[in-house]
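Mind looking over this structure? Questions follow.
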Amino acid sequence: MDTKHTLPIAVIGAGPVGLAAAAHLLERGLEPVIFEAGPTAGAAIEQWRHIRLFSPWRFNLDAAAVRRLEPSGWESPRPTALPYGGELIDQYLAPLAALPAIGSRLQTDARVIAVTRAGLDKTHVRERDITPFLVRVEHWDGEIRDHTVAAVIDASGTWSIRNPLGTSGLPAIGESRAAHRVSSPLPDVKGRDRASFAGRRVLVVGAGHSAANTLITLAELAKDEPGTTILWAVRGASAEKAYGGGDADGLPARGQLGGRLRRLVETGKIELHIGFGISALKSLDSHVSVEALDGRTLESDVVVPCTGFRPDLDILRELRLNLDPAVEAPAGIGPLIDPEFHSCGTVPPHGARVLAHPEKDFYIVGMKSYGRAPTFLLATGYEQVRSVAAALAGDQAAADTVHLELPETGVCSTDAGDSCDAPANATQSVLLTCCTSGESQLAAAEN
Ligand SMILES: Cc1cc2nc3c(=O)[nH]c(=O)nc-3n(C[C@H](O)[C@H](O)[C@H](O)COP(=O)(O)OP(=O)(O)OC[C@H]3O[C@@H](n4cnc5c(N)ncnc54)[C@H](O)[C@@H]3O)c2cc1C
C-alpha cells in the first residue's frame, strides 16, 4: 500500500533546501514533518552569517517557498543583491519557518540519529519498498523517539562534519586532544570570534576559498591588533590555486582577491608554508604544535581548519544507498562533480531519477547530495526538491522535466591551473556553477 497520503514525509534539516522541500511537498498535497537539529531554521548558516553569498537573491529563493511567503505580506529582497548568510536567514528562512503551514510541521532541537525501515534491517528485502520508514530522533529534552513516515528527504547538509586536518582523510594524531585549539571552519575573526584571534598566532590550513577569506580578514584584524601573527599551511606544492589568475583572471574580483592574498604573502604579512601535509598535533600548555609529514613544525595559539566538509552517512547506515565511491554523492551525479577532476562542478540540472537510491522513496538532496564536493548551489537544490516532491506525489512526468532558471550571463571561470570542462553546449546553469569559486571570493573580498 502506498502510505504517502496517510503518513508524513520526513525532511531532515531546516536549511534552505529542507524548507523548500517542505514547501513543494505541501503544494503536492503531501504532509511534511521537518526535523531540525539546531534551535532554529538555518542553524548551519547561522555559523557563517558574517559571510556574504556569491549568488544574488534571485537564485537563492525557492519558487514554492516564495509562493507561500508572498500572501503573508513578505517583501522579496532586491533580486540582484548579494545577501550575507545572516540576511538569508533573517529575510527569508526565518519568515518562511514562521509561516503556520511550515512552522507547525517543524520540530527544532530534534536531531535525526538514524533512519531505517520499520521492522526491517538492511538485509531484509521482503516488502521493503512498501514498508514505512522509521526515523529515530533525539529531541530537545533528551528523549529519543521513533517516528514512522512514508518517505525520507535528507537535506541535512554537510556543515556538521568538517574534514580532518590530517592529510590522509583521517584526523592527525592528537587532533581530538587539541580540539580546544581548533576553531570552527569559518570563524568571524573581526566580529563574534574576535577575542580568540586578536593578538594571537593563528594557523590557517587549506587552499580553498574559506582559507583565502579567513586569511584576508585576519590580515585586516592584524592592522588593528598588532600582535596578530598569521601562518598559512597548504599541503600542495604551491598556493597558486588560492591566488586565482591575478590581473588575467576571468573574474576580476577573484583576481583582485587572489592578488591581495599574494601581496600579503609576498610582503610577509602572511607566512606561507607549502607542502605542509599535517601528521600530528601536540597540545601544549600555552599553544599547539602542528607537525608536518616531513618533520617541520609550526607553533600556534589557534588553528583554523579550512579543509572542507563531508556528509554524515552514519545516520543512513541501515538504508540501501548507491553512492559514488569517491565523493559520496548519489552515484548518478558523483562523476560530474568530483573535485579531483572538475574545478567547476559541471553538473546539469537533475532531479529525482538521478538522486534515487535502491532504497525506494529515500532521497539525499541539497548540499549533502554533493557529498564531499564543494560546488553545490541553492538553485540546483531547489530544482532537486521540486522534482523529488513530484516523484513522491506520483507525478513522474513532472519529476523528470528538470530545468533551472538560468542566469543572464554565465562566466566559466577556472581555478588557477585547472580548466573548466563545461562542454561547448553547456547550459547556463552549468556555467553558473562554474562561477561558484570565483564569486565566493568576490563575496569574501567585500566582506
Ligand atoms: C560560506 C558558504 C557560502 C556559500 N555561498 C553560497 C552561495 O552564494 N550560493 C549558493 O547557491 N550556495 C552557497 N553555498 C552552498 C550551499 O548553498 C549552502 O551551504 C546551503 O546552506 C546549503 O543548504 P542545505 O539546506 O542543503 O544545507 P544547510 O544549510 O547546511 O542546512 C542543513 C540543516 O540540517 C540540519 N541538520 C544537520 N544534521 C541534522 C540531523 N542529523 N538531524 C536534523 N537536522 C540536521 C542543520 O542544522 C541545518 O540547519 C555556500 C556555502 C557556504 C558554507
Side-chain angles (χ1 to χ4, degrees), residues 10-22 33-62 65 82-89 92-93 97 106-115 135-140 147 152-162 184-188 208-210 212-214 306 308-309 311-316 345 364-370 373-385 404 407 429 432-433 435-444 447:
V11 177
I12 309 176
V17 179
L19 290 183
V33 53
I34 314 155
F35 299 111
E36 166 55 49
T40 54
I45 296 174
E46 190 61 48
Q47 303 301 308
W48 50 271
R49 64 157 44 237
H50 55 288
I51 304 284
R52 189 181 267 177
L53 277 81
F54 49 79
S55 57
W57 271 111
R58 61 177 292 220
F59 296 115
N60 303 331
L61 301 171
D62 172 71
L82 298 172
Y84 281 88
E87 291 171 324
L88 189 68
I89 296 174
Y92 174 54
L93 298 179
L106 169 61
Q107 302 191 20
T108 52
D109 287 312
R111 176 176 295 279
V112 171
I113 54 175
V115 183
V135 177
R136 180 158 292 178
V137 181
E138 184 173 5
H139 289 272
W140 62 274
H147 299 258
V152 178
I153 300 175
D154 183 352
S156 61
T158 55
W159 179 265
S160 59
I161 304 190
R162 70 156 173 86
S184 75
L186 270 170
D188 186 3
H209 312 109
S210 299
N213 185 355
T214 303
C306 301
F309 300 91
D312 179 2
L313 299 173
D314 285 353
I315 62 171
L316 309 178
I364 300 173
V365 298
M367 189 75 190
K368 189 169 182 175
S369 72
Y370 274 36
T375 46
F376 174 76
L377 285 176
L378 286 171
T380 307
Y382 296 152
E383 179 57 7
Q384 289 178 340
V385 294
L404 275 181
S429 59
L432 171 66
T433 311
C435 295
T436 303
S437 52
E439 302 242 0
S440 64
Q441 296 195 12
L442 163 65
N447 212 7

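Ligands are counted one by one from 1 in listed order, and the atoms in each one are counted from 1 as well.
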Is there a donor-acceptor pair under 3.5 Å between the side chain of Lys368 and the backbone N or O of Asp312? yes

Please determine if Ile315 has a nitrogen or oxygen closer than 3.5 Å to a nitrogen or oxygen of ligand 1. no

Counting heavy atoms only, which of Trp159, Tyr84, Phe54, Tyr370 comes nearest to atom 8 (O) of ligand 1? Phe54

Matching residue for Pro16 among Asp62, Ile45, Asn60 - test: side chain to side chain contact (heavy atoms under 4.5 Å, CB included): Ile45

Applying side-chain contact (heavy atoms from CB on, under 4.5 Å) to Asn213 and Trp48, what does each step give before you reach the verdict? CA-CA 12 Å; Asn213 185 355; Trp48 50 271; over 6 Å; no

Between Gln47 and Leu186, is any pair of side-chain heavy atoms under 4.5 Å apart? no

State, yes or no, whether a side-chain contact exists between Met367 and Trp159 at a heavy-atom distance under 4.5 Å. no

With heavy atoms only and a cut-off of under 4.0 Å, state how Ile113 meets ligand 1: side chain, backbone, both or neither. neither

Could you check which of Leu378, Thr375, Val11 puts a non-hydrogen atom nearest to atom 20 (C) of ligand 1? Leu378

With a 4.0 Å heavy-atom cut-off (strictly under), which part of Phe59 contacts ligand 1: side chain, backbone, both or neither? neither

Who gets closest to atom 50 (C) of ligand 1 by heavy atom: Phe376, Phe309, Trp48? Trp48

Are any of the heavy atoms in Pro16 under 4.0 Å away from ligand 1? yes

Indicate, as side chain, backbone, both or neither, the part of Val365 found under 4.0 angstrom from ligand 1 when only non-hydrogen atoms are considered. neither

Matching residue for Ile34 among Thr108, Ile153, Leu19 - test: side chain to side chain contact (heavy atoms under 4.5 Å, CB included): Leu19

Side chains of Val137 and His147: does their closest heavy-atom pair fall under 4.5 Å? yes

Option of least heavy-atom distance to atom 1 (C) of ligand 1 (set: Leu186, Leu88, Thr380): Leu186

Heavy-atom contacts under 4.0 Å between Ala110 and ligand 1: side chain, backbone, both, or neither? backbone

Looking at Val365, is its backbone amide N or carbonyl O close enough to the side chain of Gln384 to form a donor-acceptor pair, meaning the two atoms are under 3.5 Å apart? no

Out of curiosity, Ile51 CD1 to His209 NE2, how far, rounded to the nearest 0.5 Å? 13.0 Å

Heavy-atom contact under 4.0 Å between Ser160 and ligand 1? no

Contact with ligand 1 for Pro185, non-hydrogen, under 4.0 angstrom: no

For the 3.5 Å polar cut-off, considering only N or O atoms, please tell me whether Ile12 and ligand 1 meet it. no

Looking at non-hydrogen atoms alone, which of Ser210, Ala41, Gly157 comes nearest to atom 27 (O) of ligand 1? Gly157

Which word best sums up how the rings of His139 and Phe35 line up, parallel for under 30°, tilted for 30 to 60°, or perpendicular for over 60°? perpendicular

Find all atoms of ligand 1 within a distance of less than 4.0 Å from any non-hydrogen atom belonging to Ser55, and give their numbers and elements. 7 (C), 8 (O), 9 (N), 10 (C), 11 (O)

